[in-house]
Amino acid sequence: MRGDTRSYAAARRERAADIDRWLTDLLRTACGTPYGRTGKNGEHRNTDERGALSGVALVAVGSLGRAELAPGSDLDLVLLHNGRDDVARIADRVWYPVWDSGVGLDHSVRTVEEAAVVARDDLKAVLGLIQARHVAGDPELTRAARESVLSEWRADSRRRLGELRDAADKRAEASGELAFLLEPDLRDSRGGIRDVQAMQAVAAAWVASAPGPRVREAYELLLDIRHGLHLVTARGADRLVLQEQDAVAGTLGLLDAEALMRRLAEAGRTVAHAFDATWRTVDRLLSGPAPRGRRPLADGVVEHGGEVVLARGVDPRKDPVLVLRAAAAAAEAGLPLAPATVNALAAQSPPLPVPWPDGARDALVALLGAGRAAVPVWEELDQAGVLVRLLPDWERVRHRPQRNPVHRYTVDRHLIEAAAGAASFTREVSRPDLLLISALLHDIGKGWPGDHSTTGAVVARDIGTRIGLSPADVDTLETVVRHHLLLPETATRRDLDDPVTISRVAEAVGSREVLELLAALAVADGNATGPAAWNSWKASLVTDLVRRVRSVLSGTPPPPAPALSAAQASLARHGGGAVRVNGGAVTVVAPDRSGLLWRAAGVLAAHRMVVRAASAASAGSTAVIEFSVVPEYGSPPDPATLEADLRLVLAGRLDIEQRLARRTRSLRPARVPVAPPRVSLVDDASNTATVVEVRAHDRPGLLWRIGRAFGDCGLDVRAARVETLGAEAVDVFYVVDRAGRPLTDEAQRAQVRDQVLAALR
C-alpha cells in the first residue's frame with residue numbers, strides 16, 4: 001500500500017506559496033512601494049504601489065511555476081518588463097537576496113517581445129513559458145507573454161513538436177527506461193517526470209488531450225518519490241541510487257525498496273504507455289487524413305486509420321475470445337490496438353470459461369508467435385487490466401522489480417520479451433506452442449516464496465490446465481518450467497567431460513522433445529535477461545551440452561572428450577607454456593600442473609583485466625584455459641606485454657602477489673552492502689572430483705585468491721567454470737587431492753570451505 005503522501009503535495013504547494021510571498025515582497029521593495037522601501041528620513045515614500053509595479057512582472061517557470069517545488073529544487077524566474085530604465089536595478093534587488101539565502105536560482109530578464117523571440121528557438125524556454133505562473137507585479141505582462149508564446153507554439157506545432165520528440169528520444173537514449181532501471185533518473189528517464197511535462201506541452205498545442213487521471217496519479221507518485229529523495233539526501237537529486245531506496249521507501253510509508261521500485265515501475269510504464277499513445281495521435285493528426293476504409297484482419301477485427309478496431313456491429317459482451325483474437329491480429333499486422341477498442345474490450349469482455357476453448361489458446365499462441373510485435377500489444381492489454389483477468393497469476397509478477405544488474409527488465413516484461421525471442425525458434429522445435437507458452441511462464445514462480453523454478457512449475461501446471469492444454473502437454477510445460485535453468489547452469493558450472501554431468505541432465509530432461517524446448521528457451525531467456533546473461537561463450541557451452549545429452553537420449557555412447565583444436569595444439573608445441581591474446585579472448589596452453597589457472601588469472605588481474613568467464617580443462621598432460629576478459633576501464637593492455645607476463649608466471653619467473661596486493665590496497669569499498677560470500681561443496685556432481693561452488697561479489701584478483709586457497713589446501717583444480725553476472729561471480733571448481741582423488745574426509749572438506757572463505761574476506 002502507498003503511504004499517506006498527501007502532505008508532500010500540500011508541502012510543495014505551501015512552499016511555492018511561501019516563496020511567492022517572499023518574492024512579492026522582494027519585488028515591492030525593489031520597486032520602492034510603500035510595502036517595503038523607505039525614504040531618507042525613514043518615512044514611506046508616497047508612491048502608488050500599482051504605479052511602482054507597472055511595467056514589471058515576476059514570473060515563475062519550471063517546478064515553481066507548476067507549484068511542484070521539491071525540498072531541493074532550484075527557483076526558475078523570469079523578470080518581464082516593458083522597457084523600464086531601472087529594470088537592471090530591480091533585478092539586482094530581487095536576485096541578490098535569493099542568492100544570499102542559498103537557494104539555487106535560474107533567472108532571466110526579458111521584455112515580452114524578447115521572451116517570444118527566445119521561445120522560438122529555445123525549447124527549454126518555450127516549455128517554461130507555456131506553463132508560466134504570475135507571481136508579482138503587472139499581470140498584463142505575464143498574460144501577454146504567455147499568450148504570445150502559446151500562439152506561436154500552436155501555429156508552429158509541426159516543427160516544435162518534432163523538436164520536442166527529438167529531445168525526448170535523446171533523454172531516453174541517455175537515461176534509459178525508468179521502469180526497468182536499477183538506479184533510475186526520476187526526471188529524465190523514459191516514463192519519468194519530463195515525459196509527463198512533454199505531454200502537457202503537446203496538449204497546450206491543441207494536438208492531443210492532456211494526460212488522463214491514471215497518468216496524473218503516476219506523475220504525483222514520481223513527484224512524491226523525488227520529494228522523499230530530496231529529504232533523504234538533503235539535496236536536489238533526481239537519480240534514485242540503490243543505497244537511498246530503502247530510506248526513500250520509508251518516507252513514503254512503504255515497506256522497503258522492493259515495494260518502492262514496484263510502484264515506481266508501474267508509474268513509469270503508465271507514463272511511457274501514455275507518452276507513446278500521445279505521439280501516435282500527434283503523428284496521425286499532423287500527417288493529414290488517414291486513408292478511408294476498413295481492412296479485415298480476423299473475425300470481428302479490422303484495420304482502420306492505422307489502428308486495429310472492432311468491426312461494425314460486433315458486441316464484445318457476446319464473445320469472450322474476441323480480446324485475444326484482436327490482440328493476435330494487431331501483433332500479426334504490426335499495428336497498435338486503438339485505445340477506444342482496448343477500453344471497450346476491457347470493460348465489456350466476459351470472462352473466459354475454464355478451461356479455455358481452443359480458439360482462445362490458439363489466439364494466445366498466435367499473439368506470442370508474432371515475436372517483437374507482440375510486446376507493445378501485450379503492454380496495451382496490461383495497461384487496460386486485461387492480463388490479470390485472463391491469467392490471475394500474472395498479478396504476482398506484474399511490475400515486480402529484479403534488483404540485480406544482470407536483469408534489464410521487471411519480471412513480467414522479461415517474460416513477454418522471452419516469449420517474443422522464443423518466436424524465432426518455433427521452426428526448430430516440434431512443439432512451437434509449448435515453447436511460446438513455457439517462455440511466457442518460465443519465471444512465473446518469482447511471485448512466490450522459495451525457489452522460483454520449483455514454485456513456478458506448480459503455477460505453470462495450474463495455468464496450463466486453465467488454458468486447456470492436454471494432461472500430457474501440462475506435464476511437459478511443468479517440466480520445462482522446472483528445469484528452464486538446467487542447461488545454462490550446467491554448461492557454465494559443471495565439467496561437460498564428466499560422465500556424471502551428462503547423465504544427470506539426461507535423467508532430468510527425460511526426452512528429446514523437452515531437451516529441444518529447453519535449448520531454445522535457454523537462448524530466449526538469456527537474451528531477454530541482458531548482455532551479462534548470454535554471450536557466445538555460454539551459447540557454445542550450451543550447444544555442446546545439448547549435443548552430448550541428445551546422444552545419451554538417443555541411446556548412443558556420449559562423444560569422447562574433445563582433443564586440442566588445431567590452434568591450441570599449435571600453441572602447445574611451444575613447450576613450456578604458450579599464450580594467445582585475441583581481443584577479449586585469452587588462451588593459455590601449457591603442461592598441466594598445480595596452480596596454473598589461478599596464476600594466469602593473477603596476471604590478468606594485475607593488468608586490470610576483469611575475467612567475465614573462464615573454462616579450464618586437461619587434454620592428456622596439457623592444460624587448456626580459455627579466458628573471456630574486458631578491461632576495467634579505458635583501453636586494454638598491450639597484448640605483447642600481457643603475453644610476456646603470462647609466460648613469465650608460467651615459467652615461475654614472476655611473483656604476481658605483490659602487484660595484486662598493491663591493487664587491493666587501492667580499491668575503494670563497495671558503495672552498497674553486499675551479501676557475504678558463500679562456498680558450497682556439491683555432492684554427487686562428480687565421481688572423480690569434488691565440486692566446489694563459490695559465490696561472491698566480484699573484485700579484481702578474485703579468481704587468483706580462490707585458486708591460491710586451493711593450493712594452500714594441497715588441492716589441484718582439474719576443471720573450472722567461471723562466470724561473472726553483473727557484480728556477482730559464480731565460480732565452480734573440480735578439485736582433487738595430490739593423489740588425484742575427490743575429498744572424502746569431512747575435516748578436510750571443512751578446511752577447504754574455511755580456507756576459501758578466508759581468502760574472500
**Q.** Side-chain (D382) to main-chain (W378) donor-acceptor, under 3.5 angstrom
**A.** no
(Q) Main chain of T492, side chain of K538: is a donor-acceptor contact present, judged purely on distance under 3.5 Å? (A) no
**Q.** Close side-chain approach of Y8 and E220, heavy atoms under 4.5 Å
**A.** no
Q) Regarding Y219 and E68, is there a side-chain donor-to-acceptor distance under 3.5 Å anywhere? A) yes
Q.
So does L186 get a backbone contact from the side chain of S189, meaning a donor-acceptor N/O pair under 3.5 Å?
A. no
Q. Measuring from L129:CG to S108:OG, what's the distance to the nearest 0.5 Å?
A. 7.5 Å
Q: Test salt bridge (Lys or Arg N to Asp or Glu O under 4.0 Å) on K170 and E173 and set out the steps.
A: CA-CA 5 Å; K170 289 177 182 177; E173 183 178 355; over 6 Å; no
Q: Give, for atom OG of S453 and atom CG of L485, the distance between the pair rounded to the nearest 0.5 Å.
A: 4.5 Å
Q) With a 4.5 Å limit on heavy-atom distance, are the side chains of V78 and L80 in contact? A) yes
Q: Determine, for D18 against R21, whether the closest basic-nitrogen to carboxylate-oxygen distance falls under 4.0 angstrom.
A: yes
Q. Where do A439 and A422 come nearest, in terms of heavy atoms and distance?
A. CB-CB, 3.8 Å
Q. In terms of side-chain geometry, is the basic nitrogen of R408 or E417 positioned less than 4.0 Å from the acidic oxygen of its partner?
A. no
(Q) A quick test of your reading: do over 12 heavy atoms of other residues, nucleotides or ligands sit less than 6.0 Å from CH2 of W448? (A) no
Q: For E258 and R400, indicate whether the former's side chain and the latter's backbone hold a donor-acceptor pair under 3.5 Å.
A: no
(Q) Would you compute the distance between atom CZ of R396 and atom OG1 of T455 and round it to the nearest 0.5 angstrom? (A) 9.5 Å
Q | Smallest separation among heavy atoms of A218 and V271, with atom names | A | CB-CG2, 4.0 Å
Q) Hey, would you say the H452 and H442 ring centroids sit under 6.0 Å apart? A) no
Q) Taking all non-hydrogen atoms of both residues, which atom of G62 and which atom of D76 are closest, and how far apart? A) CA-OD2, 3.9 Å
Q.
Applying side chain to side chain contact (heavy atoms under 4.5 Å, CB included) to L182 and L242, what does each step give before you reach the verdict?
A. CA-CA 7 Å; L182 199 62; L242 278 168; 4.0 Å; yes
Q. So, does S157 use its side chain to make a donor-acceptor pair with the main chain of W153 at under 3.5 Å?
A. no
(Q) When you compare the side chain of V126 with that of L123, does any pair of heavy atoms fall below 4.5 Å? (A) yes
Q.
Checking the side chain of R165 only, and the main-chain atoms of W279 only, is there a donor and an acceptor separated by less than 3.5 Å?
A. no
Q. Would you say M261 and L240 make side-chain contact, with heavy atoms under 4.5 Å?
A. yes
Q: Give a yes-or-no answer on whether the side chains of R12 and H227 include a donor-acceptor pair shorter than 3.5 Å.
A: yes
Q: Answer yes if the side chains of H414 and Q402 hold a donor-acceptor pair under 3.5 Å, and no otherwise.
A: no
(Q) Would you say that M199 contacts V196 through its side chain, given a criterion of any heavy-atom pair below 4.5 Å between the two side chains? (A) yes
Q.
Test your reading of the model: is there a side-chain donor-acceptor pair from R262 to the backbone of P401, 3.5 Å cut-off?
A. no
Q) Shortest non-hydrogen contact from A179 to T410? A) O-CG2, 3.6 Å
Q | Closest contact, heavy atoms only, L252 versus D224 | A | CD1-O, 3.8 Å
Q. What are the two closest heavy atoms between V481 and A457, and how far apart are they?
A. CG1-N, 3.7 Å
Q) Would you call D20 and R133 a salt bridge, taking side-chain N to carboxylate O under 4.0 Å as the test? A) yes
**Q.** Nearest-0.5 Å distance, CD1 of residue I463 to CG of residue L440
**A.** 8.0 Å
Q. Ion pair present between R695 and E728, side-chain N to carboxylate O less than 4.0 angstrom?
A. no
Q | Flag side-chain contact, heavy atom, 4.5 Å: L75 against L69 | A | yes
Q. Quick one: does D412's side chain have a donor or acceptor within less than 3.5 Å of a partner on H399's backbone?
A. yes
Q.
Working note: L178 + R190, criterion side chain to side chain contact (heavy atoms under 4.5 Å, CB included); need CA distance, chi angles, decisive distance, verdict.
A. CA-CA 6 Å; L178 183 142; R190 169 173 156 79; over 6 Å; no
**Q.** Any donor-acceptor N or O pair under 3.5 Å, side chains H484, D443
**A.** yes
Q: May I ask you to decide whether E217 forms a salt bridge with R214, counting only side-chain N to carboxylate O separations under 4.0 Å?
A: no
Q.
Surrounding CH2 of W206 (heavy atoms of other residues, nucleotides or ligands, distance under 6.0 Å), is the total greater than 12?
A. no
**Q.** Donor-acceptor contact below 3.5 Å, side chain R146 vs main chain I130
**A.** yes
(Q) I want to check something: taking the side chain as every heavy atom from C-beta on, are L368 and I416 in contact at a cut-off of under 4.5 Å? (A) yes
Q: Check step by step if side chain to side chain contact (heavy atoms under 4.5 Å, CB included) holds for T529 and Y409.
A: CA-CA 7 Å; T529 298; Y409 295 119; over 6 Å; no
Q.
Please report the interatomic distance CG(L337) to CG(L381), rounded to the nearest 0.5 Å.
A. 6.5 Å
Q) Short question: side chain of S175, backbone of A172 - any donor-acceptor pair under 3.5 Å? A) no
Q: Using a strict 4.0 Å threshold on nitrogen-to-oxygen distance, state whether R187 and D195 make a salt bridge.
A: no
(Q) Salt bridge or not between D238 and R226? Use side-chain N to carboxylate O under 4.0 Å. (A) yes
Q | Note: R194-D188 ion pair, threshold 4.0 Å (strictly below) | A | yes
Q) Are L387 and L391 close enough, and set up right, to give a side chain to side chain contact (heavy atoms under 4.5 Å, CB included), and what steps lead you there? A) CA-CA 6 Å; L387 293 182; L391 301 170; 5.8 Å; no
